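All remarks here apply to the structure that follows.
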Amino acid sequence: MEGKCEDNNIAKPNPWPYMNIGSLTISFFTKLATAGIIWGCGYFNFSIAWLIAPVVLATWKAERRKDNELKAITAKASIMAKEKELIMSRLDELPSWVYFPDFDRAEWLNKVLYKVWPNINHFARELCKQSIEPAIVEKLTEYKIKGFQFDRLVLGRIPLKIYGVKAYDKNTSRNEVIVDADVMYAGDCDITFSVGNIKGGIKDFQIRGMMRIVMKPLLPVIPIVGGVQAFFLNPPAINFNLVGVADVLDLPGFNEILRKTIIEQVAAFVVLPNKIVIPLSDEVPVETLKMPEPEGVLRIHVVEAKHLMKKDIGMLGKGKSDPYAIISVGAQEFRTKTIDNTVNPKWDFWCEFIVDKSLGAYYNRVVAHLFDKDNAGQDDPLGRASIEVSRVKKKGTIDTWVSLEQAKHGMVHLRLTWLQFSKNIADLKTALMETQELRITSMSTALLILYIDSAKNLACIRGNKQPDVYLEASVGGDKKRTATQLRSCDPVWEQGFTFLVSNPETSILHIKITDEKTSLVVGEMNYNISLLLKENNLEITQQPHDLQMAESDSKLILSMSLSILKYEEPEPTSEEDDDDHDITQLNKRIERQESNISNTFSSSSLPPSPLKRQPSKESVKSSHSTGSGAGNAIEETGSPNEEVVVIHTVSSLTGSPQLLHRNLSVTSSSGDAKLGRIQLSLRYSVQRQKLIVVVHKIANLPLPHNDPYNIPDPYVKLYLLPDRHKETKRKTVVMKDNCNPTFDEQFEYVVSQGDLNTRTLEISVCTQKGWLSAGSKVMGQVHINLSDIDVTKSSTSWYDLQPETKD
């Protein structure tokens with residue numbers, strides 16, 4: 001009968017849907033063996049201390065496996081889910097167009113990828129075998145691990161997914177098209193490999209990052225585009241799990257080396273300055289697509305850090321840290337030395353980065369990751385700091401303290417300089433003098449661009465068999481290597497490299513061609529870089545060079561170009577940088593504004609505090625009560641007994657103050673609650689989706705019980721409510737014995753612009769010494785409702801400290 005169904009036809013659920021007889025048997029015997037070992041130890045009176053390490057290791061592996069499986073399941077769910085379901089589920093892997101309004105949805109493109117995914121599978125397999133596998137083999141040899149090779153490499157049925165695309169129409173050449181794509185892969189891959197006699201596999205492989213696609217040059221004939229370049233602007237997030245024998249060896253050691261090597265090589269292969277280049281037209285020379293295109297050199301001085309978190313455990317609790325920093329731009333990175341047992345390290349470390357033209361306004365930033373060195377295990381993160389390369393290029397040089405993200409507190413001192421390229425030989429003398437003044441022998445004065453096209457008539461080896469050759473080029477200690485060309489006496493590499501040259505008058509380019517299987521050198525040459533100084537425009541194009549070989553007609557065809565590094569002062573501009581990291585420049589702007597106001601009211605002053613330990617230019621003393629709205633500052637005028645004040649309403653740092661006179665019954669330099677005042681700067685970066693808070697100074701903190709011998713040790717603690725937990729806690733350094741401390745520390749919170757209006761910023765001034773009550777060390781608080789102020793406009797104000805508000 002229609003509309004009915006028989007109970008017998010209904011599939012009954014399995015009471016144990018995720019278990020079978022085999023898994024039950026294994027689980028039973030595992031528990032039985034564990035119980036037997038423990039019983040045996042007791043029966044034979046053996047010590048069970050030796051079981052502690054295996055139990056701890058097993059627990060660590062189990063928890064780590066659970067975390068990895070959870071991440072893999074979440075990533076796969078985000079890949080397979082529709083966009084509406086993904087947003088409603090509030091997963092972490094949200095599309096880019098949710099966060100950035102200039103990114104567009106790309107569901108139509110994901111449907112195209114689903115169709116062509118089998119063909120991309122084949123392309124990726126060939127790419128890994130020919131390029132990535134040799135790089136992993138070379139890297140593993142540094143750890144004395146040999147014999148790595150991929151046995152099977154299938155990306156599976158679940159395709160790559162694009163979460164959002166952005167096409168650039170400004171600040172780009174008319175001869176190119178630039179598109180950014182937020183891509184993620186979390187498919188059902190099937191990858192097996194072998195390392196000697198060890199067999200293993202990779203599952204749950206995930207990669208997420210921002211990929212740039214450049215189509216150039218544009219042609220007036222089909223195929224319209226001469227070639228395509230694809231690369232990641234910054235190293236993508238990569239994660240995977242090992243299976244098979246490799247999972248059994250999931251120990252600190254082999255597993256971490258293999259994991260680190262695979263992640264580094266996969267990331268470095270597709271991250272700038274490395275690119276995947278696909279020529280589309282024979283009319284366009286391959287050299288124009290594969291030649292490196294540097295825009296400038298970024299010189300960075302990592303000076304020091306302060307107020308870092310304490311990660312080491314000492315005898316009496318928290319010790320200090322052993323900090324070091326890793327500075328990176330794209331795939332390039334440098335590491336400072338480790339400073340032991342300090343939270344205020346001084347590195348004095350210099351490094352230089354080559355910045356590619358393909359970097360745009362987004363994601364081109366210097367990133368400094370700070371770590372605490374842990375000899376017994378994994379290094380602990382101390383936070384990270386980032387500065388946009390475009391800002392350094394705009395200003396020429398930046399000397400600033402940058403607050404650490406992903407950390408409760410800490411700052412790092414960076415000096416950054418943008419160096420341009422010059423073809424004028426006269427600029428070389430200036431560059432050499434500058435490096436001598438710095439007294440840093442590792443600094444560069446020129447940039448060499450090398451393009452390796454091909455070699456001809458290489459010698460045969462191994463019984464007249466053709467060699468499997470690769471080329472290594474080096475300048476000083478910097479060494480670059482091409483891919484391996486199999487069985488060829490006339491290999492074609494078509495690869496470009498860049499080298500920083502300390503002194504082109506004395507430096508030498510050394511090139512060596514080697515057979516990969518026998519490690520025999522089949523050709524080499526040396527080239528004095530000073531010869532380029534005599535060439536027109538300091539470059540040579542597609543010239544053959546003789547190789548030092550028995551074969552007299554062996555040739556290497558290459559191109560070279562030399563550029564001198566030159567610093568130029570940027571053109572002055574009246575534009576204010578609302579997203580400036582430089583607290584020093586911010587303070588100068590504040591002092592200029594306060595000076596202008598104080599000149600208007602020359603009689604404005606406050607009686608100096610007898611307990612003031614730090615110099616401070618406070619020609620204007622102002623306060624801001626919590627409920628009076630943002631940007632209002634109260635300035636007292638005349639003598640302390642007068643009851644006349646002037647209220648300045650300042651919309652931003654560049655706004656003009658409006659003056660309004662009124663009488664108040666009570667005036668005090670310590671604020672309405674007589675607990676002191678705090679000066680803060682607030683601004684919101686729409687581009688970076690961050691709230692930036694600068695704690696400048698505190699004025700006129702009272703003495704507990706008016707005891708002149710009980711001076712407080714103040715510090716400032718911040719929360720972005722309603723999230724009151726350790727991840728949102730920020731804290732300044734402690735100032736000893738000071739009622740008027742100056743901090744000038746900057747803190748950042750990642751928060752979307754839509755969520756900003758629902759947040760309240762809580763600032764608490766605390767002391768390490770006892771306060772009025774034994775239960776709390778909070779001397780005063782300020783609560784700022786971010787919906788009441790326009791933080792998109794940078795503003796600096798004084799705020800009255802109020803009594804602590806209990807939750």
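If you're wondering where the values come from, they're calculated on a predicted model, not measured in any experiment.
- Without hydrogens or angle criteria, Asn528 side chain to Ser530 main chain gives no donor-acceptor distance under 3.5 Å.
- A cation-pi arrangement is absent between Arg212 and Phe232 under the rule of less than 6.0 angstrom and at most 45 degrees off the ring axis.
- Ring-plane geometry between Phe499 and Phe497 is classed as tilted, the angle between the planes lying from 30 to 60 degrees on a 0 to 90 degree scale.
- In summary, the aromatic rings of His301 and Phe349 are positioned with their centroids too far apart to meet the 6.0 Å limit.
- A donor-acceptor pair is defined here as one N or O able to donate and one able to accept, closer than 3.5 Å; such a pair exists between the side chain of Tyr185 and the backbone of Leu155.
- Counting heavy-atom neighbours within 6.0 Å of Lys290 NZ, excluding the residue itself, gives a total above 12.
- A donor-acceptor contact under 3.5 angstrom links the side chains of Tyr324 and Asp379, judged on distance only.
- A donor-acceptor pair under 3.5 Å links the side-chain atoms of Glu352 to the main chain of Ser444, judged by distance alone.
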Worked check of salt bridge (charged side-chain N to carboxylate O under 4.0 Å, His left out) between Arg481 and Glu516 | CA-CA 12 Å; Arg481 170 180 165 164; Glu516 189 173 56; 3.0 Å; yes

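- Qualifying side-chain hydrogen bond (donor to acceptor under 3.5 Å, both in side chains) partners for Asp372, counting only residues two or more places apart in sequence or in other chains: none.
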Any chance you could lay out the salt bridge (charged side-chain N to carboxylate O under 4.0 Å, His left out) test for Glu295 and Lys393, step after step, and finish with the verdict?
-> CA-CA 10 Å; Glu295 184 179 9; Lys393 179 183 175 182; 2.2 Å; yes

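- With salt bridges taken as basic N to acidic carboxylate O contacts below 4.0 Å, none links Glu293 and Lys357.
- Under the 3.5 Å distance criterion, with hydrogens and angles disregarded, a donor-acceptor pair is assigned to the side chains of Glu287 and Ser559.
- With sequence neighbours left out, Thr482 forms a side-chain hydrogen bond (donor to acceptor under 3.5 Å, both in side chains) with Trp493.
- Between Phe193 and Phe150, the ring centre distance reaches or exceeds 6.0 Å.
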Take Phe353 and Phe334, measure what side chain to side chain contact (heavy atoms under 4.5 Å, CB included) needs, and give me the verdict at the end.
-> CA-CA 9 Å; Phe353 294 90; Phe334 293 90; 3.5 Å; yes

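- Considering CG of Leu471 and NZ of Lys480, their distance stands at 12.5 Å, rounded to 0.5 Å.
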Please tabulate, for side-chain N and O atoms in residues 267-282, each donor-acceptor pair with protein atoms closer than 3.5 Å (sequence neighbours left out).
{"unit_1": "Asn274", "atom_1": "ND2", "unit_2": "Ala268", "atom_2": "O", "d": "2.2"}
{"unit_1": "Asn274", "atom_1": "ND2", "unit_2": "Val271", "atom_2": "O", "d": "3.2"}
{"unit_1": "Lys275", "atom_1": "NZ", "unit_2": "Ser358", "atom_2": "OG", "d": "3.4"}
{"unit_1": "Ser281", "atom_1": "OG", "unit_2": "Glu283", "atom_2": "N", "d": "3.2"}

